[in-house]
Each structure stands twice: as C-alpha cells, then as structure tokens.
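First the structure, in the form of structure tokens, and then the observations on it.
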Amino acid sequence: MITKPKGTYDLLGVDAKISNYINHEIEDFMINYNYEYIRTPVFESTELFHRTVGDGTDIVTKETYDFKDRGDRNITLRPEGTAGVVRSVIENKLYGNKNDPIKLYYNETMYRYERPQSGRFREFTQFGIEVFNSDDALIDAEVISLGYNLLVSLGLDDVVVKINTLGDASSRENYTNALVSYFKPHINDLCEDCQKRIKTNPLRILDCKVDKNSEVLKNAPKISDYISKESKERFNKLKTYLDNLDINYEVDENIVRGLDYYDECVWEYMLDDGIALGGGGRYNSLVENLGGPYLPGIGFALGIERIILKLKEKISDKKLENMIDVYIMSVSDEEKIYALKISQDLRLNNVITEINGNNLSLKSQFKVADTLNAKFLIILKNEDLQKGLITVKDNITKEEVKVDESEIVDYILGNI
Ligand code: AMP
C-alpha cells in the first residue's frame, strides 16, 4: 500500500467539517472587513525567501523544501505567505492610490520540513491578511483585532494576544547590537542553535525554547530600553485602541517573532495552554528591500490545523453529528420521480435534503434517516400523490401531517 508522505494528512470526516466551518467564517469576515482574496504560486524562486524571511532564520536554514526544476532553476515551496504576496504586489504594481490601504488575504497550504507532531505538519494551511500603504497605528489595531475577533467568533474565547514592539529600524539595530555584546561572553552557556543565532539572528535567542529558563536569558537587556520615543508613543496609541476594542491582550517583551522582516508591533495569538495559533507584525521596509517603492505593510497568519485541533476539543459531539433537514422516502418508480423533483426544489431553497439513492426498502430508509439525524421525513405514497398530497413526519415529535403538493417547500421552510 502506498501511504501519505510523512508530515502530511488527508482532510476528512469531522476535521473536514470544521475546516469548512472555519472557511465560511473567514469568508464572512473578509467581506465585512473589506479584504480582497489573492492567490500566489505554491512555489517561488528560492532567493525570494532568503531576501524576505531571512538567511539566518530557522525556516530558511532548516525547514524549506528546496529543489532544482528541470530547467535548473532554484525553487522553494512556500514556507509562509507574506513573501509571495509582497513579490506579487511589486510585480503587479498593486500600490493603490495615495490614500487607500490595500487589504489582501490568502488561505493556502505552506510547506516546512519540520519534525511532525500534534498540530505540526510539513504541509499545513495558513489563513493570513496583509495590509499595505498605511503606517497608521489604527490599522495595526484593525489587523490585530480582526484575528482576535475571528478566533473568538469561531469559539476560541480563551485566546490572548501577546503584543510587543521591536521599534523602528534604528531601535531594532541598537537593541540587536546590545544583545550581541551581552551574549558574547556567555556564548558557551547557550544552546548550539543560539551560538549560531548570535551571528545570524540575535533577536531569536530571546524566544529560544531550549534556553528559555536560563539565567543568561533572564538577565538579557530589555527591548523596552532601546525603543525610540516615537515608537513608544505609537505603541501606546495601539494599546489605547485595543483597550477600546475590548481585545484581550498582554504586553510580552519576549515576543520577537522568527522572521527577519518585522519592525514596530509584533504579536501572537495564544491559548491558555501556551499553544500559538498564529502571529504577525508590521514590516515597513520589506517592499522596498525587495525592489519596490516605500510601501509600509502589516499582516498576520493563523494556523488552520491548530484551530481545527482546538475546536475539535471544544465542540460537543452532538454539534458535529450529521443533521440534515429532510429525508425523502420513496419506493415505487412514480414516488422516485417525485422524490427527485422535491429534493431539487428543497435544495435550491437551501434545505439540506437526502433521498433514497440505493433502492432501499421503506424500513431501511427509516433507519438511514435516523442515522442522518433528519429533522423531517417526507414519506411519498402513491395513494397520496394521486390526491395531490404529501405526508410529512416531524422526526423529533413524531407528528405526521398531510400537506398539499404545491405547498411542500413553503411548509418545510416554515418549520425547519
Ligand atoms: P509562523 O509564521 O511560524 O509564526 O506561524 C504562524 C502559525 O502557523 C503558527 O502559530 C501555527 O499556528 C501555524 N504553523 C506554523 N508552522 C506550522 C506547522 N509546521 N504545522 C502546522 N501549523 C503551523
């Protein structure tokens, strides 16, 4: 038997249902917040991720799927969504008008060669948004609160947003230099990865899972001492906005995010049990660094598999059971013609309907209707049909009524 590649999964059953539910909610949110869908290629030039995500990040050094195509080009399967969107914005000159923010979203598979475990895959899905052409803290608040509100509306109401500021480019540089000077004499007390991070990505030492509780890390310089006055004011403004929106947030100076391109605010959506559902940040220099004009940006990505996992723990089995509106029962050829026609009328009126598609006996059809948890049964009988009538049984109260054939759709719509 050929099995699926390590770190991948088939989306099916309850997980597929929850995934559909999440996607519907995302679509509704995107309409109400006025974001446009964008889809970029699954693979891009390898160079794109080196120049955006960064040479020193774990993602680029250890986790990308890189290969040469048959034309000898260096190709990488996208490990995250922002780089491709930024490349597309530049290539298609989606710079907008002077005053308009450009608001985009994606919901796509990503690829990282990580050690698979619960909620961690090699092929996974991220829903993400990116807003360009605004450097206003108001937009920071809109973006952060959008992700929070989406998670809460999906049913994850214990989510907390951990926010931090990395300051502007010069604050970040000063702080990075301070970290390097501080860590250098302690280099042998750090894990192997962090010994490399001193050269490649010193900020990342702060959220190292291995060194997290070491004294060296605890006594490291604090980022808040290096943030410029302007960046501090901006961060205070953001906090005021988030207070007004009733967003459950906490300032956490250890949130630095793994990617190279962030400045100003960064954040993560966390659950009580310490699981990160997603994160984001502002990236005001990224478009310019990739050869575009100055175009500030901000965005986040949420991990769909982790959301499915957490929702599955929360939603009761009852809610996940199949619940269809109507099961139509038919045995004779004439009844089957009616069953097909009525099912079409009901389905076109948004009524979830099933028919006897396996030539079952009436007794077996009752059983199937029960397993499908049908709210109503339409029991077609030749003698009723000759009089223009249809028998409808409420499958919960077990009451039966006869309804005029021409009124069946209205009757069902009025009672479900
Ligand atoms: P990141 O871009 O690494 O901050 O990831 C954002 C979110 O995507 C994380 O908080 C996770 O929810 C999700 N995520 C990242 N990597 C994986 C993975 N390998 N498998 C499943 N979800 C992931």
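Numbers for residues simply follow the sequence, beginning at 1. Hydrogens, waters and symmetry mates are skipped; everything else that's a heavy atom, side chains included, is used. First listed ligand is number 1; within each ligand, the first listed atom is number 1. No experiment lies behind these values; they were computed from the predicted model shown.
Under the 4.0 angstrom criterion for non-hydrogen atoms, Gln126 is in contact with ligand 1. Heavy-atom separations between Met110 and ligand 1 are all 4.0 Å or longer.
For Phe132 and Tyr95, the ring centers are positioned 6.0 Å apart or more. Aromatic rings of Tyr105 and Tyr37 (six-membered ring for Trp) have centroids within the 6.0 Å cut-off, being under it.
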Margin query: Walk me through whether Glu47 and Asn74 qualify under side chain to side chain contact (heavy atoms under 4.5 Å, CB included).
Written below: CA-CA 8 Å; Glu47 191 196 351; Asn74 289 312; over 6 Å; no
Note to self: What verdict does the side-chain hydrogen bond (donor to acceptor under 3.5 Å, both in side chains) test give for Tyr21 and Ser19, after you've listed the backbone C-alpha separation in whole Å, the side-chain angles of each residue and the deciding distance to 0.1 Å?
What the structure shows: CA-CA 5 Å; Tyr21 158 68; Ser19 163; over 6 Å; no
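Other residues, nucleotides and ligands contribute over 12 non-hydrogen atoms within 6.0 Å of the CD atom of Glu288. For Lys68, the NZ atom counts as densely surrounded, since its 6.0 Å shell holds more than 12 non-hydrogen atoms of other residues, nucleotides or ligands.
Counting heavy atoms closer than 4.0 Å to ligand 1, residue Leu277 contributes backbone atoms (N, CA, C, O) but none from C-beta onward. Under 4.0 angstrom from ligand 1, there are no non-hydrogen atoms of Arg122.
Residue Arg257 has at least one heavy-atom neighbour below 4.0 Å for each of these atoms of ligand 1: 1 (P), 2 (O), 4 (O). Distances below 4.0 Å separate heavy atoms of Glu114 from the following atoms of ligand 1: 16 (N), 17 (C), 18 (C), 19 (N). Listed by atom number, the atoms of ligand 1 under 4.0 Å from Gly119 heavy atoms are 20 (N), 21 (C), 22 (N). Remark: ligand 1 atoms within the under-4.0 Å shell around heavy atoms of Phe121 are 18 (C), 19 (N), 20 (N), 21 (C).
Looking at atom 14 (N) of ligand 1, its nearest protein heavy atom turns out to be Phe124 CE1, 3.7 Å. Of the protein's non-hydrogen atoms, Gly303 CA, 3.6 Å is the one closest to atom 13 (C) of ligand 1.
No side-chain donor from either of Asn284 and Tyr261 sits under 3.5 Å from a side-chain acceptor of the other.
Of the residues listed (Phe43, Tyr113, Phe49), the one engaging Tyr65 in a ring-ring contact (aromatic ring centres under 6.0 Å, His included) is Tyr113, and it is the only one.
Considering Gly278, Pro116, Gly279 only, the shortest heavy-atom separation from atom 9 (C) of ligand 1 involves Gly278. The closest heavy-atom contact to atom 2 (O) of ligand 1, among the options Arg112, Glu80, Gln117, Arg120, comes from Arg112.
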